[in-house]
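Reviewing the structure listed below.
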Amino acid sequence: MTTTTNPDLASESAAPVRGQRWLVSLRALLRNPAHTAGLIIFILFLLIAIFGPMLAPYGVNEQIVEDARQAPSAAHWFGTDRLGRDVFSRVLLGARDIFSLAGLGTLVAVLVGTSLGLLSGYRGGLFDELLMRFFDSLLSLPALLLALLLLGTLGPSRQSVLLVIIVVYIPIVARVVRSVVLSVKTRGYIEAARVQGESSARILFREILPAVLPALAVEAALRFSYAIFLASSLGFLGVGVQPPSPDWGLMVKEARDNVSQTPWALWFPAGAISILVIAVNLLADGLKTLFRVED
């Protein structure tokens with residue numbers, strides 16, 4: 001006697017199982033107060049980046065001359081800078097710049113680095129050796145120094161900072177992905193897929209990539225936090241995003257010369273950078289713990 005399985009019923013039953021796994025994973029992540037705080041703060045900053053223009057009471061470069069150098073008050077929650085610009089509005093609007101630069105740069109670096117890491121680890125041979133030695137030469141330089149060298153060639157601009165983030169973090173992501181691929185490609189189910197005649201692309205993206213995703217998720221979160229710090233550091237050094245952008249690092253640079261008169265103009269953008277970086281690192285630590293538990 002033979003039995004048949006209805007594929008529609010199988011897919012319907014698989015969907016709740018996947019939903020339950022996501023729910024269990026979320027509960028495991030929220031079980032730790034530090035990880036919960038990181039997730040909540042990250043979501044809060046993301047919402048600020050999305051809805052900042054609707055929430056900001058003043059324009060990004062709107063100057064209220066009569067209110068210049070005003071301390072935090074009901075009219076200006078974070079005070080005003082030496083030009084009379086509302087610091088609260090600029091911090092809100094600067095969140096979008098940080099997320100667009102660091103977020104987009106990290107996304108492209110992760111996509112390109114993952115593709116190169118998968119291909120290099122799976123193929124091996126001369127291609128792998130040459131590519132990894134080239135990446136090693138880039139990684140031999142500190143990230144900030146490499147960024148400054150690239151910006152010295154490209155010139156300071158928003159597009160240059162985005163390109164620098166991509167170039168700096170592709171080698172790191174590629175090496176992380178390659179190390180996972182090297183340990184996975186010798187497993188039995190990969191050999192079985194080769195014997196069955198599956199194409200290399202199918203093996204890479206259907207068989208190997210799922211094993212890479214846990215490490216990749218943690219690495220992406222870490223790269224994002226470092227990209228925030230890198231973009232802010234370049235703005236502070238004056239070689240990144242240029243005035244009158246509300247870039248947080250640039251705001252710290254502009255406020256540093258008048259810190260004795262308007263210290264709040266430095267405190268709040270510097271605090272925003274610190275809080276967001278800490279939140280993303282807490283979230284990355286939560287992801288690391290979560291995937292370690294699942295393994």
Side-chain angles (χ1 to χ4, degrees), residues 40-105 144 147-148 151-152 154-165 224-280:
I40 292 174
I41 294 172
F42 174 77
I43 293 175
L44 178 61
F45 272 94
L46 181 60
L47 292 175
I48 289 173
I50 296 172
F51 300 107
M54 304 177 190
L55 301 174
Y58 300 93
V60 63
N61 291 304
E62 182 179 350
Q63 298 182 19
I64 310 169
V65 180
E66 59 273 17
D67 290 344
R69 298 184 176 88
Q70 186 178 109
S73 63
H76 303 283
W77 290 1
F78 290 178
T80 59
D81 62 12
R82 63 184 180 84
L83 299 177
R85 296 175 297 186
D86 184 67
V87 177
F88 177 70
S89 299
R90 287 174 62 78
V91 169
L92 289 183
L93 297 170
R96 177 171 291 187
D97 277 4
I98 286 292
F99 270 86
S100 61
L101 273 178
L104 182 58
L144 184 58
L148 291 174
L151 285 173
L154 301 172
S157 69
R158 185 181 183 82
Q159 292 74 21
S160 298
V161 174
L162 180 62
L163 183 60
V164 163
I165 292 174
F224 179 58
S225 69
Y226 285 119
I228 294 170
F229 189 74
L230 179 60
S232 300
S233 299
L234 295 175
F236 176 77
L237 294 174
V239 295
V241 179
Q242 297 299 295
S245 169
D247 177 81
W248 292 341
L250 184 59
M251 289 177 65
V252 172
K253 174 181 181 294
E254 293 173 342
R256 182 184 58 173
D257 297 332
N258 299 276
V259 67
S260 60
Q261 298 176 343
T262 57
W264 48 84
L266 184 148
W267 294 341
F268 290 107
I273 296 170
S274 302
I275 292 171
L276 181 55
V277 169
I278 291 172
V280 176

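Values reported hereafter were calculated over all heavy atoms of this structure, with side chains retained and with hydrogens, waters and symmetry mates removed.
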[atom2] on [Y] to [atom1] on [X], rounded to 0.5 Å:
X      : Y      : atom1 : atom2 : answer
Ile50  : Leu46  : CD1   : CG    : 4.0 Å
Thr262 : Arg82  : OG1   : CZ    : 8.5 Å
Trp248 : Leu276 : CH2   : CG    : 5.5 Å
Asn61  : Ser89  : CG    : OG    : 11.0 Å
Gln159 : Leu101 : CD    : CG    : 9.0 Å
Ser157 : Leu162 : OG    : CG    : 9.5 Å

Contact between [X] and [Y] at the side-chain level, heavy atoms closer than 4.5 Å - yes or no?
X      : Y      : answer
Arg85  : Glu254 : yes
Pro246 : Val91  : no
Arg69  : Asp81  : no
Arg96  : Pro53  : yes
Val161 : Val239 : no
Leu151 : Pro156 : no
Val87  : His76  : no

Provide the closest heavy-atom pair for [X] versus [Y] in the form atom of the first, atom of the second, distance.
X      : Y      : result
Leu154 : Ser160 : CB-OG, 3.6 Å
Thr80  : Ala68  : OG1-C, 3.6 Å
Ser73  : Gln70  : OG-OE1, 3.0 Å
Ala75  : Tyr58  : O-OH, 3.6 Å
Trp264 : Pro269 : O-CD, 4.3 Å
Pro243 : Leu250 : N-CD2, 3.4 Å

Please report the C-alpha distance between Leu148 and Leu234 in whole Å, then the side-chain angles of each, then the deciding distance to 0.1 Å, and finally whether the side chain to side chain contact (heavy atoms under 4.5 Å, CB included) criterion is met.
-> CA-CA 8 Å; Leu148 291 174; Leu234 295 175; 4.0 Å; yes
Check ion pair Arg158-Asp247 (N to O, under 4.0 angstrom) =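 No salt bridge links Arg158 with Asp247.
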Kindly determine whether Phe268 and Arg90 satisfy side chain to side chain contact (heavy atoms under 4.5 Å, CB included), including the steps that lead there.
-> CA-CA 10 Å; Phe268 290 107; Arg90 287 174 62 78; over 6 Å; no
Please step through side chain to side chain contact (heavy atoms under 4.5 Å, CB included) for the pair Asp86 and Phe78, ending with a clear verdict.
-> CA-CA 7 Å; Asp86 184 67; Phe78 290 178; over 6 Å; no
Could you check Leu237 against Lys253 for side chain to side chain contact (heavy atoms under 4.5 Å, CB included), going step by step and ending with a plain yes or no?
-> CA-CA 7 Å; Leu237 294 174; Lys253 174 181 181 294; over 6 Å; no
Specify whether Trp77 and Phe88 have parallel, tilted or perpendicular ring planes, treating 30° as the upper limit for parallel and 60° as the lower limit for perpendicular.
->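 Correct class here is tilted.
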If the plane angle is over 60° it's perpendicular, under 30° parallel, otherwise tilted; pick one for Phe99 and Phe42.
->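 Tilted, since the angle between the ring planes falls between 30° and 60°.
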